[in-house]
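Each chain gets a letter, A, B and so on, in the order the sequences are listed, and its residues count up from 1.
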2 protein chains.
Amino acid sequence: MTEPRTQGHAALTGAAKKQARNGKSHATIYDIAKVAGVNPSTVSRALSKPERVSAKTRKLIEDAAAQLDYQVNPFARALPTGRTNTFGLIVADITNPTFFDIIRGAETTATLRDYTLLLAESAESPVTELTAARRMMATADGLILASPRMDDDDIRALAKDKPVVVINREVDGVPCVIPDVGKGISEAVRSLAGNGHKKLAFVAGPPRSWMSARRWEGVQAACDWSKLEAVRLESSKPTVDGGRQVAREVRASGATAVLTYNDLLAIGLMQELQAAGMVVPDQISIVGFDDIFGADFTTPPLTTVRSPLGECGAGATARLLDLLSGRGEPAGTLRVETELVLRGSSGRLLPLH
Amino acid sequence: MTEPRTQGHAALTGAAKKQARNGKSHATIYDIAKVAGVNPSTVSRALSKPERVSAKTRKLIEDAAAQLDYQVNPFARALPTGRTNTFGLIVADITNPTFFDIIRGAETTATLRDYTLLLAESAESPVTELTAARRMMATADGLILASPRMDDDDIRALAKDKPVVVINREVDGVPCVIPDVGKGISEAVRSLAGNGHKKLAFVAGPPRSWMSARRWEGVQAACDWSKLEAVRLESSKPTVDGGRQVAREVRASGATAVLTYNDLLAIGLMQELQAAGMVVPDQISIVGFDDIFGADFTTPPLTTVRSPLGECGAGATARLLDLLSGRGEPAGTLRVETELVLRGSSGRLLPLH
DNA sequence: CAACAATTGGCAACCGGTTGACAGAACGCG
DNA sequence: CGCGTTCTGTCAACCGGTTGCCAATTGTTG
């Protein structure tokens, strides 16, 4: 006969497919039913709602299932029920280390609760994002959007379909998880004020970023309180390069302390200032934001306001999973605390000699 | 009579569910068929194999589909075909930045080719890994294992079921993608030799790591060629902390140049040596491995052998997707080149004064 | 214009579980 | 012992596409 070694080919003929299936495909509830001598639907019940079946038959079925190395076919289950034990996570930019921790937190929580994680990125494009979201909606039980770029209305539309949780942004009527920047920023500003700084520059992130606006608000409020002068500088992009580029303006501003929208900006800024011969923190203090991986690789290691991104990811996932199992409120914002991580890049100004 | 409202939240009653479905669930091919005035199977054909249907009816159907905002139900499609346009990626440790690039590469390629990425981690445990792999096998069309910890035999068993591609390890009979360390290492060693170094220490990774063994082999070969003495040092774990801990042994070894199993070790080592007052690279040259994110945040920035991890992820994904579509060979190893990235942490030895 | 080939479209049987409705068995109680 | 009640288990109809097979339609050609 022809050897059914067709493996590599996408399209198998009907017979070959059957063959392959019989060879590989795992047992079905029908096989179990046959072995256990009961009706397939009884098998289904025994496996999905054990209390609905007598202990005796349950045992019988479980044994048969174990013997046949049975595994449910997720599609067959999903078709009538619509549930997949799967959820999607869409991040704005997979290149940005900020999201690593979020992904990590989400994955961990997901596995813990026996869910599988679908990952996609939007490449900062609202359109791509919406497309990815739509696609995932078809497969997943719910969705987590990390720093979404699409409109509030689009998000709400998605949320009407299936549970959605948003990270790093607040959308009315949709459950959100956001770092509460207040505490961390005020700690940072207080620390700087305590070290004698009088003027602080805030290097902002993307103009349309919800988060950047919140951080600037936090800085203003904290500086008000601590009687510091605050100025706002724009960055071209929230990356190491962007940080380098803003160095000139920072020096021109006359500020002796800088707080940046994120750590990448802080790192680039520090590199550039040091290259120009400035000593950090003796001549200028630099404070980043997020405490990303690598923030402590610099010399001096970067002082930064830690956003518990991992917790955000984990929290959002927990939130979503609760929603999926009927627990938890449909909306409302979960705030996680930020805190100052004091390292070497901030401190007292040294008089020039 | 008795109202079966016992479940309440999570489970909807039949009627309510139907209701919800009618409200939200998207159109089916039957709806399209009705609108277009054709048979559902014609709709199915028009959408999945357009050439099988006349241009006229295709247009008719496409319009109807567009009008109804139709989206295929992936489960319904997957049930008979077994195809899901989805593949799994399992990484050994989601905490390790090495994998970020792999994930990134995989995600990008996947999206490009209209596949969805399932992500899981094994937490370095062979058992967890196998469990995750099994679970994903049920849903995904194929699997990518990045630095797998399980046995070769387990991997081959999985590969018999569905296409599997392995990254960072070579498994007989399974397609693999691995960085070819030869070029990068010999460049590094040649550079060090050129700078007058005579003795090189290699800080190894986990004892059972396939990759670590390959790298040590590469170092030995390159040192042989360049007439350098090579010594091998153990690390407790391949992390920044591990790097710190191995600093004592490095100094004791008398080597003036160090090449580490990965960048994290190099960074930790450098931090510790600098803390002890040594100047890098004047007194000792340090070369890392992988060129992870943040490797250039250090002062001096880290010289390192770049493993094109992103390419590995992308390459493995491309490989897998080819396999899935019938192209590509069932086995064989794809090697991607490594190269030296010369930064500030390596260079000429400065005579002590 | 008829005959024949090449397309196109329709029917129906699956894929593998889930679940409401119902029949039969087991059991309690007077 | 009979009757009603509660459990268990079975039946059958879905969920929404896919696809082999055949019939009808269309187009081509002698």
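The CD1 atom of A:I32 sits 11 Å away from the C1' atom of C:dG16 (whole-angstrom rounding). As rounded to whole Å, 15 Å separates atom C1' of C:dG17 from atom CZ of A:R83. Rounded to an integer number of Å, the gap from B:R58 CZ to C:dG9 P is 10 Å. The distance from atom CD of B:E51 to atom P of C:dA6 is 18 Å, rounded to the nearest whole Å. Separating the CD atom of A:Q71 from the P atom of C:dC15 is a distance of 19 Å, rounded to the nearest angstrom. Rounded to whole Å, atom P of C:dT18 lies 12 Å from atom CG of A:N85. Atom CG in A:L47 sits about 9 Å away from atom P in C:dG17, given to the nearest Å. Straight-line distance from the NZ atom of A:K56 to the P atom of D:dC7: 16 Å, rounded to whole Å.
Between B:S44 and D:dT18 there is a side-chain N or O to OP1 or OP2 distance below 4.0 Å. At least one side-chain nitrogen or oxygen of B:T57 sits closer than 4.0 Å to the OP1 or OP2 atom of C:dG9. Contact check, B:S54 against C:dT7: no side-chain N or O comes under 4.0 Å of OP1 or OP2. Here B:Y30 does not reach the OP1 or OP2 of D:dC14: none of its side-chain N or O atoms lies under 4.0 Å away. When the side-chain nitrogen and oxygen atoms of A:S41 are compared with OP1 and OP2 of C:dT19, none of them lie within a distance under 4.0 Å. The side chain of A:N39 contributes an N or O atom lying less than 4.0 Å from OP1 or OP2 of D:dC11.
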Check step by step if side-chain contact (heavy atoms from CB on, under 4.5 Å) holds for B:T116 and B:N85.
CA-CA 6 Å; B:T116 302; B:N85 264 39; over 6 Å; no
Quick one: what's the B/S/- string for nucleotides 22-28 of chain C, heavy-atom cutoff under 4.0 Å, read 5' to 3'?
-------
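Side-chain proximity of A:T42 to the nucleotides D:dG17, C:dT18, D:dG9 is greatest for D:dG9. Between D:dG16, C:dT18, D:dG17, one nucleotide has an atom nearer to the side chain of A:L79 than all others, and that is D:dG16.
For A:D93 and A:R149, the salt-bridge test fails: no basic side-chain N is under 4.0 Å from an acidic carboxylate O. Salt bridge status for A:R169 with A:D152: present, with a side-chain N to carboxylate O gap under 4.0 Å. Using a cutoff of 4.0 Å between basic side-chain nitrogens and carboxylate oxygens, B:R134 and B:D161 are not scored as salt-bridged. Salt-bridge check for A:R104 with A:D101: passed, with a basic side-chain N closer than 4.0 Å to an acidic carboxylate O.
Side-chain contact between A:Y115 and A:D141 is present, with heavy atoms from C-beta onward closer than 4.5 Å. Residues B:L117 and A:L118 have side chains not in contact (no heavy-atom distance under 4.5 Å, counting atoms from C-beta outward).
Positionally, the nearest nucleotide of DNA chain D for A:R45 lies more toward the 5' end than for the other of A:R45 and B:P40.
Sequence neighbours left out, the pairs with a member in residues 61-72 of chain A that pass side-chain hydrogen bond (donor to acceptor under 3.5 Å, both in side chains) are A:K59-A:D63.
If one axis is set at each end of the helix from C:dC1-D:dG30 to C:dG30-D:dC1 from five pairs, those axes are 40° apart, to 10°.
Counting non-hydrogen atoms under 4.0 angstrom, B:K49 reaches the backbone sugars and phosphates but no base. Residue contacts shown for B:V38 are limited to sugar-phosphate atoms, with no base heavy atom under 4.0 Å away.
The minimum heavy-atom distance linking A:F87 with A:A110 is given by the pair CE2-CB, 3.4 Å. Here the shortest heavy-atom pairing between B:A133 and B:M150 reads CB-CE, 4.2 Å.
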